[in-house]
Amino acid sequence: MSRYNHREVEPKWREAWGRADLYRALSPEEAGDRPKYYTFEMFPYPSGRIHVGHSRNYAMGDVVARYRRAKGYNVLHPMGWDAFGLPAENAAIERKTHPKAWTYENIAAMKSQLQLLGLSLDWSREIATCDPSYYKHQQAMFLAFWKKGLAYRKKQKVNWDPVDQTVLANEQVEDGRGWRSGALVETRELEQWVFRVTAYADDLLDAIATLDKWPDKVRLMQANWIGKSQGAKFRFEIIGPPAPSPATTSAGEGAGGPNTIEVFTTRPDTLFGASFVALAPDHPLTKKIAADRKDVADFIAKAGQLGTSEADIEKAEKFGVNLGIKVRHPFDESWELPVYAANFVLSTYGTGAIFGSPAGDQRDLDFARKYGLPVQPVVLPPGAAAATHVIEKEAYVGDGVIYNSRFLDGHTTKEAIPLAIAELKKRGAGEATTQYRLRDWGVSRQRYWGCPIPAIHCAKCGVVPVPEKDLPVALPDDVSFDKPGNPLEHHPTWKHVACPQCGGEAKRETDTLDTFVDSSWYYARYTDPTNEAQPFDKKLAAYWLPADQYVGGVEHAVLHLLYARFFARAMRDCGFLDLPGGEPIASLFTQGMVTHETYKSAAGKWLGPEEIERTAAGATELATKQAVEIGQIEKMSKSKKNVIDLDAFVTEYGADVARWFVLSDSPPERDVEWTDAGVQGAWRFVQRVWTLVEEHNAPAPKPGQAPPPGANEGEALALRQTAHRTIAAVTDAIEGFRFNGAVAKCYELVNAIAKAKGANDPALMFARGEALAILAQLIAPFMPHLAEEAWSKLGLEPFVAVARHLIPSSPPSTPSPCPSRSTASGGAKSASPRARRRQKSAKKP
RNA sequence: GCGAGCGUGGCGAAACUGGUAGACGCAGCGGACUUAAAAUCCGUUCGCCGCAAGGCGGUGCGGGUUCAACUCCCGCCGCUCGCACCA
C-alpha cells in the first residue's frame, strides 16, 4: 500500500495530457456534430506571481470546461494576458527595468504557475494584449470606429496630476491628491479620444432583458449605470439685465441659446410649484457672472472645495448664491423666478441647470427653506385633503393628484406629465427628452505602456488617421522614464512623422488607449487568435460566439462588462462581427474571493502566514518571537501579505488539494476562507480516495459489462444506486454552479464505498469497482490528476479527462428521490429549478 | 438616502416546487491500533428532560397565511455589497 504521491502523479499526467493534445479546441470542421462550448475566465493582469486566491476563478472555469468536454462538447477554454497597464510603468520607474521585459517575465512566471494547476486550457490560443499582433487589430478597429463616428475627439474635464504630468482616473485620486505624487489634482480640459457608448444606450439597456443567464445584481447595476430617465428639456427666458451675448461668451452653448436657461426635469407636472431656477457652480452662465461678482466667484470656489467622498456628500449642506437675474415661468409670462447657482446641481448631468419645485423634491425643499423661497404644494397624496395638506420638512415625491396648478388640476401625476410637455411644446419652450447617466467613454491616456492611438496631428490637415497599411503603430522600445509625463511625448523621434495626407511635418498622437479597450474584445480574438489579416474571421467568431460561460469577479460588473457589450455592437456595425443576438456573453458567473486572516507584527508591519506561528490562542512572529496581532479576514492581497504562494502549496499538497479546497465548503459566489484545517480536510480526502482505489486492487467493470449475479440485490444494489444517484446529483450541482454541493455528494459516495466491505463477494466487488470508476469520473473536473491516476489504476482506458461514458449498465431503478435523473452522461440535461434561479433570473431590471 | 442581497449548530454550510431542519466538511468528544505519537479506522456531536424507548424546544425578533413555513406575506433589528445631491 503506497501513499498517493502527488509530486510524481501530477506532473506525469500533465505531461501525458500535453502529449495527447487533449485540450485543443477543434475547428468547426473537426468538431463535426459535436456542439461547441466556449467557456473562459477573466484574463489576468500579469502583475507578478499568482497565489492560491487567484486559483479559485480558474478552478471554477476548469470545472465547467472539463465537465462539458466529458459531455462531448467541442470546448474552447482559452487563456491570455491583460498585459498593458500602469504597474509595468511603475515597475520601470522603481526597478529600472523596461515595462516590456517586466511584463513578459511576469507572463512567463504566471503561465508556469497556471500550468501547475492542471487547467485544461488550450494554450495554442494564448494572447497578450501588449503584443503588436494583437493591438494592430485594435488599431484597425479604432480606425473603423472613427470612420463610423463611434470614436471622436472631445474636450473633456480630466483629473490632471501636475507633478506626474498625466491624467488620473477617478480611482487614482485620493482626497483630491494624486495617489503617486501626492500633488493636488487639478481639473483640466483636454482634447480626448472618446468612444460613443451613448449611441447604444437604449440597446445596451433593453438587451439586458435578454441576459437571462447573468446575475440579477449585475444586470441591475448595468441598468442603473446607464440610468435612463424620461422627462422634458425646456427653456426659461431670461428677463432683465442683458444676458451675455454669444459674441463675448460661450455661455449660451448647449444651454439653449443666449437669452434662455435650459433645464432638464423628470417632473414637468410640478411646474406650477416652481419657485426658483438653479445652475451648477460651473455652468457657463455662473462662470460668466462670477467674472463681475466676487460673491459668485467665492461661491464657486467654496462649492469646488467640497470633497467628493461619500461622507462629504452625505453631510454637505445645500447652499447657493442669488445670481441677480430673473426668468419667466414658461406657462405664465408675468411669473418671475429668481436664478441661483447651487452646489447640489451637477454640471455633468442633464443641462447643468434645474428648476426648483420644493414641495416635490427634498433637495429643492432644503434649499428653499434656507433661502426663504416659496413652497407651494402641487401634488396631493392619496387620501390627503387639499385644505389640510402641508409640506414642512419633508417633500412629497410620490404620485398623487395635481392641484394648485391651473390647467393640470385634477389630473394624476402620470397624466399631468405628458400634458405639461404638450403645453411646453405648444409654447415653443421645450420638448420631451430622454436623459442618460451613461456618458461616452474617454479612452485617451497619457501613458507609454498601452496601445498607441493610430492618429496623426497635422497643422494643415487636422487630425488624420494612420493609413491601415502602416499598422501597427508600434510602441518604441527605447524610452526613458527619467522625466515625469508620457515617455512617448519625450521620445526624440517617434512622434515626428509626415502627414499621410499632405506629406508635411506632422506629429503622432502620443496618447495610448485605456487598457479597458484591450479587454473589450479579447473574447472574440480567442476564436481566431493567430489571424494576421483581420482581428478574427467572421465565420469562426460566429461559430464560437456568444461565449457560453464567463467566470470572473463582480468588481467588473459594470465597466469591463459594459464595454465588452459596447464593443460587440460597434464591431458588428463596423462589419467585423456577425452576432445576431448582439450579446457576446451568454452566461456570466461572478465568483467570490478567497480570504485569509491578516497578521500585524508588534512593529505594525503586515506579516505573511509563513512568517508566523499560529496556535489556537494566538500567533507569534517566527523571527522575533513576539506576539502578533490577528486582524480581519480579508481578500488575499499582496499589500496585506495574507497570501499563500501557489508554488509552495502545490509542492507540499498538490494542485488537486488546492482546487478541491477552494471549491468546497462555500458556495462559489460567496467568499471562502482559506484555513489550514480546511486544507487538511481536502488532503485527507485525496488520500482516502486513493486508499480505496488501491484497496480495491482490481479492474473496474468495462463499459457494457454485464453485472454478475447478486449485483442487483442487497448491499451491492444499494451501493450501485448510491453511485448512480451521485452521478445525477453531481451533474445537477455542476450545472447549477453549486460546486460545494458537488463536493459534498462526492464525500457521500466515498463514505458509501468505504462502508461496503466484502472483498470476496463478486457482486460487491463489481459494485465497488463501478462506484470507484464513477467516483473518478465525477471528481475529474475538480481533481483531474487524482482522477486520472485512479482511472488508470482501475484499468480503464486513458483519459478520464475526455471519457464520455462509463456506466456498464444501470441498476434496476427503485423509487428514489430523483427518479428522473438516471442518465449518467451524454445528452443535454437541464438544471434543477433552483440551479436555474442561481444562474438566471426571470426578473427584469 | 436609493437599490440589491443575506441572517440556520462551536465554525464553513445543506435543505431542489411549502413537506423528516442541520446533508457534507472542519473543530470537539469517546474508542481501536501503537511502547508512545503522527497517520488511519470506528463511534458520537443543535439544546433541554430521560438509563432507555421517547418527549419537548429550536432557522435574527414580532405577527400572519397554511394540514404543514428556514422557505410565502406584513412590520422591526442586524450585517454585506453596489450607486450616490442624476433633477
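To find a chain, count down the sequence lines: A is the first, B the second, and so on, and within it residues start at 1.
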Mind listing the N/O atom pairs, protein and nucleotides 23-26 of chain B, below 3.5 Å?
from	atom 1	to	atom 2	distance (Å)
B/rA23	O2'	A/Glu748	OE2	2.8
B/rG25	OP1	A/Asn751	ND2	3.4
B/rC26	OP1	A/Arg684	NE	3.3
B/rC26	OP1	A/Arg684	NH2	2.9

Spacing between [X] atom [atom1] and [N] atom [atom2], to the nearest angstrom:
X	N	atom1	atom2	result
A/Ile633	B/rC11	CD1	P	13 Å
A/Trp674	B/rC11	CH2	C1'	18 Å
A/Phe344	B/rA84	CZ	P	19 Å
A/Asp366	B/rA87	CG	C1'	14 Å
A/Arg670	B/rG5	CZ	P	14 Å
A/Lys635	B/rC81	NZ	P	13 Å
A/Phe234	B/rA87	CZ	C1'	11 Å
A/Leu438	B/rC83	CG	C1'	15 Å

### Message
A/Lys370: which residues meet the side chain to side chain contact (heavy atoms under 4.5 Å, CB included) condition with it, sequence neighbours left out?
### Response
A/Glu317, A/Phe319
Minimum-distance nucleotide to [X] side chain [options: [options]]:
X	options	result
A/Ser666	B/rA87, B/rC85, B/rA13	B/rA13
A/Asp361	B/rG3, B/rA87, B/rC85	B/rA87
A/Leu220	B/rG3, B/rA15, B/rC83	B/rG3
A/Lys755	B/rG43, B/rC86, B/rG12	B/rG43

### Message
Under 3.5 Å, is there a donor on one side chain and an acceptor on the other for A/Glu694 and A/Tyr4?
### Response
no
#### Entry: With sequence neighbours excluded, residues passing salt bridge (Lys or Arg N to Asp or Glu O under 4.0 Å) with A/Glu423
A/Lys426, A/Arg427
### Query
Does the pair A/Asp202 and A/Lys228 meet the rule for a salt bridge (Lys or Arg N to Asp or Glu O under 4.0 Å), with working shown?
CA-CA 8 Å; A/Asp202 268 321; A/Lys228 182 175 183 173; 2.5 Å; yes
### Query
What do the steps show when you test A/Asp366 against A/Gln362 for side chain to side chain donor-acceptor pair (under 3.5 Å), and what is the final call?
CA-CA 6 Å; A/Asp366 294 345; A/Gln362 192 59 46; 3.1 Å; yes
Distance between the [atom1] atoms of [N] and [M], in whole angstroms?
N	M	atom1	answer
B/rG78	B/rU65	P	28 Å
B/rC26	B/rC33	P	24 Å
B/rG57	B/rG22	C1'	15 Å

### Summary
Per the glycosidic torsion and the 90° limit around 0, nucleotide B/rG9 is syn
### Message
If the cut-off is 4.0 Å, is A/Ser229 near the phosphate of B/rA87, judged by side-chain N/O to OP1 or OP2?
### Response
yes
#### Entry: Where A/Ser666 and A/Asp671 come nearest, the two heavy atoms and their spacing
OG-O, 3.2 Å
### Query
Is a salt bridge present between A/Asp732 and A/Arg738, judged by a nitrogen-to-oxygen distance below 4.0 Å?
yes
## Note on the structure
Heavy-atom nearest nucleotide on RNA chain B taken for A/Asp671 and for A/Trp225; more 5' hit belongs to A/Asp671
